[in-house]
Amino acid sequence: MVVGTSSGIRIYDMEKYISPITYTNDKAPIILKLTSERWFLEIYRTIIETLQGLAWMMLVFFMVALIAYVLVRWSEIKYSK
């Protein structure tokens, strides 16, 4: 849950809809509007990055579990002789 949430939620990208953006000193600050297209894009990005974070966490977990299993089997074979 923590990995999925922390990888899926991007605070910096959401700040651009709250804080004004100033590109030059001549123009007034611009605040981006959340249209339906941007909502869809942000939700899509959040879902994809959440699933990607979970996939990486599962990969790391299973690699550690595999290494632990190999070490236990190796020690069983070594000490059984």
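One-based numbering along the sequence shown.
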Exercise answer: donor-acceptor pairs, residues 68-76 side-chain atoms, under 3.5 Å, sequence neighbours excluded:
residue, atom, partner, partner atom, Å
Arg73, NH1, Glu76, OE1, 3.3
Ser75, OG, Leu71, O, 3.4
Ser75, OG, Val72, O, 2.8

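The side-chain contact (heavy atoms from CB on, under 4.5 Å) search around Ile47 returns Ile43, Leu51, not counting sequence neighbours. Among residues two or more places apart in sequence or in another chain, the side-chain hydrogen bond (donor to acceptor under 3.5 Å, both in side chains) test is passed with Glu42 by Arg10, Tyr17.
Hydrophobic cluster membership for Met63: Trp56, Leu59 (Ile, Leu, Val, Met, Phe, Trp, Tyr linked by side-chain heavy atoms under 4.5 Å, directly or transitively). Cluster note: Ile48 groups with Tyr44 through ILVMFWY side-chain heavy atoms spaced under 4.5 Å, whether in direct contact or through intervening members. Applying the 4.5 Å side-chain rule to ILVMFWY residues, one finds that Phe40 remains a lone member of its cluster.
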